Structures are given as C-alpha cells and as structure tokens.
Amino acid sequence: MNAERKGKKRRGVEQVQARWGWYFVIPAIVFFSIFSFYPIINAFTLSFFKKNMISPLPPRFIGLENYIFVLQSSDFWNSVRATLTFTLGTFIPLVIASLVIALLITLQGRNFRLWQLLYYSPAVLSSAVAALIWMLIFTPTGIANQFVNTLRNTSGMDMRWLSSGEMVQISTMIVYFWKYIGYFTVLYITGITKIPAVIYEAATIDGASRSQAFFKITLPLLKPTTALVSIVAMLQCLKTFSTQFLFTQSGAPKAPINVITLNIYNTALKDYNVGRASVMSILLFVTMLILTIIQLKVSRSDDVTY
C-alpha cells in the first residue's frame, strides 16, 4: 500500500511539473507562431496568388505561374549567384579563422577574457550600424585605401571598394567577417574550454606533439561546436540583407550584390509584387532547411564523447 501511495504521489508531482512546464513554454510557442510560423504559411499561400501591394483588388489565384516566372527569370538566378558567391566567400573564412583565433586566445592565459571581449565587441552592433561604419572606411579618403596604399607603397590609389563590381562583393564579405568573427570565436572558445585537460595531459605523457593533439583530440572533440558554427554562419550568410541594401542605396552597383533577400525586398516593396517575392522567400527557406539538415547529418555531433 505504501509503495502504491508513493507511486501515485510521484505521478501527481510529475503531472504538476509537466503542467507548469507547458505554462512556461506556451508564451514562446505563441510568439513563434505569430512571428515565424504564420509568416511562413502566409508566404507559401501568397506564392500561388497574384497580389499587388498597393492595389485594392483582392489577390487572384494563378497557381504555379509565379514559380515558373521566378525560375525562368535571369534576375533571380543572378541573385542566386550573388548569394552563393557571398556565402562561400564569407562562410568558409569565418569558420576557419574563428577556430584559429579561438586556439590562439585560449593559449593567452592571463589576457584570455580581454581578447575574448575585444573580438566579440563588433557582434553587439546591428548589421546596419556595421555597414555604415565600413561605408566610411571604404570612402576614397578612408582608412581602407590608406592601409592598402601603405602596404603597396603607393600614394592616392583608390581601390573603388563601393564602385567596382568585384570590389563591392569583397567589401560586403569584409563587413560580415568583421562583424561575426568574434561571435563564432567565442563559440569555439567555449567548445575548447569544455574539453577535459586530463585528455591533453595523457596525450603529452604518451609523447604526442601539439599538432598531433590538435588533429587527434581538439578537432574531433570540437565536432558539435563546428556543426553549430557552420550552420549558424551559413544561415547568417544566406539571409544577409542590411549591408547589401545600404551599399546599393549609397550608389554601389546592385547586380554583383543583389542577393536573394535584397531581390525579395525590391520585388515586394518596389515592384509591389508580393506573390513573386513570396516564391523567392519560400525557395530560400527550403534551401536553408535542406542545407541545415545535410550539415546535421554529416556532422553527426551526437557521436562525440569525452
């Protein structure tokens, strides 16, 4: 009887805890439903309609016409090219450089926290503020040209950071690299500091060098962190918008940096064609979802044990 009474009491406590858990979770579910799930469903619905934002006429169902038009549009495929160029040019250096910097910082010892704070500080800025700062740096008389001229021992040379097609692509990559390198470095530092020191001590006793310890211990045990960093970095690059928008507004050529998000903005708010903008939004969402699933499967982060 006592065991049965204790079992009922335990189940009662578990039910109360589960109920309170739902009380805390419901606000987050409501928030994501309103600001994430509903916009996705609404965009998917609008992608099958012809809808002009400033027209009083109701949306008209046109089936797959918006998808056919977008997939046959050279402007859309130029946006795909611009997005891929930016993502590959930013994503790969971000992951590699943040790992290298994290390793160097963890070796600093006494000034460990100071360096971590300095590298992380740009991440607290909004993307718009970061872009505005670098627009000043990229002016003909800005620091960027002065730095390049000093390295090349030249005088008065303008690299045309915001006027040349190739250079404006590099400029957007530099802005994002500068802004997010500290954030991903901190993630890697967290992963490195979680690796037990006894593993390195055992490797040292066995005669392993620093390079062997890095490739045989650090890298394998950082698989969960690398998976997180690579996924977040890739998603940040794919949904880039603010830098490209502000650069084009200041007179930079649009075609080389007309990423998908910028094309969505122009299609919806300048051309007033919500249906075609919704198609591009859905295609971008599906691409990000597929790439995330692939990265999670490839990384297999749950296989890592200490």
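Bear in mind the structure is a predicted one, so any value in this text is a computation, not a measurement. Computation of the quantities below employed the complete heavy-atom set of this structure, encompassing side-chain atoms and omitting hydrogens, waters and symmetry-equivalent molecules.
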(request) Determine whether Gln236 and Lys179 make a side-chain contact, defined as any pair of heavy atoms from C-beta on separated by less than 4.5 Å. (result) no

(request) Give a yes or no on this: more than 12 heavy atoms of other residues, nucleotides or ligands lie within 6.0 Å of atom CZ of Arg81. (result) yes

(message) So for atom CZ, which belongs to Phe245, do other residues, nucleotides or ligands contribute more than 12 heavy atoms lying within a distance under 6.0 Å?
(response) yes

(request) Using atom types as modelled and distance alone, determine if a side-chain donor or acceptor of Asn258 lies under 3.5 Å from a backbone N or O of Asn78. (result) no

(request) Answer whether the closest heavy-atom distance between the side chains of Thr172 and Thr240 falls below 4.5 Å. (result) no

(message) How close do Pro220 and Phe214 get, counting heavy atoms only, and between which atoms?
(response) CD-O, 4.3 Å

(message) So which atom in Thr248 and which in Pro253 form the shortest heavy-atom distance, rounded to 0.1 Å?
(response) CG2-O, 4.4 Å

(message) Is it true that Tyr120 and Thr185 share a donor-acceptor pair across their side chains at a distance under 3.5 Å?
(response) no

(request) Check whether any side-chain heavy atom of Ser127 sits under 4.5 Å from a side-chain heavy atom of Tyr180, and report yes or no. (result) yes

(message) Using 0.5 Å steps for rounding, measure from the OG1 atom of Thr45 to the CD1 atom of Ile282.
(response) 8.5 Å

(request) Show the numbers, then the answer: is there a side chain to side chain contact (heavy atoms under 4.5 Å, CB included) between Val279 and Phe76? (result) CA-CA 11 Å; Val279 169; Phe76 169 72; over 6 Å; no

(request) Please report the closest heavy-atom contact between Ala82 and Ala255, naming both atoms and the distance. (result) CB-O, 4.4 Å

(request) Would you please classify the geometry between the Phe31 ring and the Phe35 ring as parallel, tilted or perpendicular, with 30° and 60° separating the classes? (result) tilted

(request) Answer yes or no: is there a donor N or O on one side and an acceptor on the other, between the side chain of Thr83 and the main chain of Ile260, under 3.5 Å? (result) yes

(message) When you compare the side chain of Met280 with that of Val70, does any pair of heavy atoms fall below 4.5 Å?
(response) yes

(request) Answer yes if Val186 and Val124 sit in the same cluster of Ile, Leu, Val, Met, Phe, Trp and Tyr residues linked by side chain heavy atoms under 4.5 Å apart, and no otherwise. (result) yes

(request) Spell out, as yes or no, whether a donor-acceptor pair under 3.5 Å connects the side chain of Gln169 to the backbone of Pro256. (result) yes

(request) For residues Phe285 and Phe44, establish whether the separation of their ring centroids is below 6.0 Å. (result) no

(request) State yes or no: do Leu219 and Ile96 share one hydrophobic cluster built from I, L, V, M, F, W and Y residues joined by side-chain heavy-atom distances below 4.5 Å, directly or via other members? (result) yes

(message) Using the ring centroid of each side chain, check whether Phe86 and Phe91 are separated by less than 6.0 Å.
(response) no

(message) Using a 3.5 Å distance criterion without hydrogens, assess whether the side chain of Ser36 forms a donor-acceptor pair with backbone atoms of Ser33.
(response) no

(request) Measure the spacing between OG1 of Thr243 and CG of Leu262 and express it to the nearest 0.5 Å. (result) 11.0 Å

(message) Can you confirm whether Leu132 sits close enough to Leu136 that some side-chain heavy atom of one is under 4.5 Å from a side-chain heavy atom of the other?
(response) no

(request) Can you spot which of Phe147, Trp134, Phe138 makes a ring pair (Phe, Tyr, Trp, His ring centres under 6.0 Å) with Trp161? (result) Phe138

(message) Grouping I, L, V, M, F, W and Y whenever their side-chain heavy atoms are under 4.5 Å apart, do Leu46 and Tyr38 come out in a common cluster?
(response) no

(message) Under the criterion side-chain hydrogen bond (donor to acceptor under 3.5 Å, both in side chains), I'd like the reasoning laid out for Thr218 against Tyr200: C-alpha separation, chi angles, the key distance, then a yes or no.
(response) CA-CA 9 Å; Thr218 307; Tyr200 291 107; 2.7 Å; yes

(message) Using only atom types and a distance under 3.5 Å, with no angle test, would you say the side chain of Asn145 pairs donor to acceptor with the backbone of Thr141?
(response) no

(message) For a 4.5 angstrom cut-off between non-hydrogen side-chain atoms, does Phe241 reach Val259?
(response) no

(message) Has Ser73 got a side-chain atom pairing as donor or acceptor with Phe69's backbone, closer than 3.5 angstrom?
(response) no

(request) Find out if a path of hydrophobic residues (ILVMFWY) with successive side-chain heavy-atom gaps under 4.5 Å connects Ile290 to Leu284. (result) yes

(message) Return the OG1 to CD distance between Thr204 and Gln212, rounded to the nearest 0.5 Å.
(response) 10.5 Å

(request) Just do the side chain to side chain contact (heavy atoms under 4.5 Å, CB included) check on Leu94 and Tyr183 with the steps written out, would you? (result) CA-CA 10 Å; Leu94 265 178; Tyr183 174 73; over 6 Å; no

(message) Looking at Ile143, I want to see if its CD1 is surrounded by more than 12 non-hydrogen atoms of other residues, nucleotides or ligands under 6.0 Å.
(response) no

(request) Verify the cluster assignment for Ile264 and Ile41: are they in a single hydrophobic cluster under the rule of side-chain heavy atoms below 4.5 Å apart? (result) no

(message) Would you say that Phe48 contacts Asn66 through its side chain, given a criterion of any heavy-atom pair below 4.5 Å between the two side chains?
(response) no

(request) Kindly give the heavy-atom pair with the smallest separation between Thr267 and Ala277, and that separation in Å. (result) CG2-N, 3.8 Å

(message) Let me confirm one number: the CG-CE distance from Leu238 to Met288, rounded to the nearest 0.5 Å.
(response) 5.5 Å

(request) Taking the side chain as every heavy atom from C-beta outward, state whether Met234 and Thr292 have any pair of such atoms under 4.5 Å apart. (result) yes

(message) Under the side chain to side chain donor-acceptor pair (under 3.5 Å) test against Tyr188, which residue among Thr106, Thr226, Thr193, Thr225 passes?
(response) Thr226

(request) Might you work through the side chain to side chain contact (heavy atoms under 4.5 Å, CB included) test for Met159 and Asn149, ending with a clear yes or no? (result) CA-CA 9 Å; Met159 298 298 297; Asn149 284 326; over 6 Å; no

(message) So, taking the atom named NZ in Lys50 and the one named CG in Leu57, what distance separates them when rounded to the nearest 0.5 Å?
(response) 10.0 Å

(message) Looking at every non-hydrogen atom in both residues, tell me the closest pair between Leu246 and Ala131 and how far apart they are.
(response) CD1-CB, 3.7 Å

(request) Taking all heavy atoms of Pro93 and all of Phe177, pick out the closest pair and write down the distance. (result) O-CE1, 3.7 Å

(message) So, taking the atom named CD in Gln295 and the one named CG in Leu235, what distance separates them when rounded to the nearest 0.5 Å?
(response) 7.5 Å

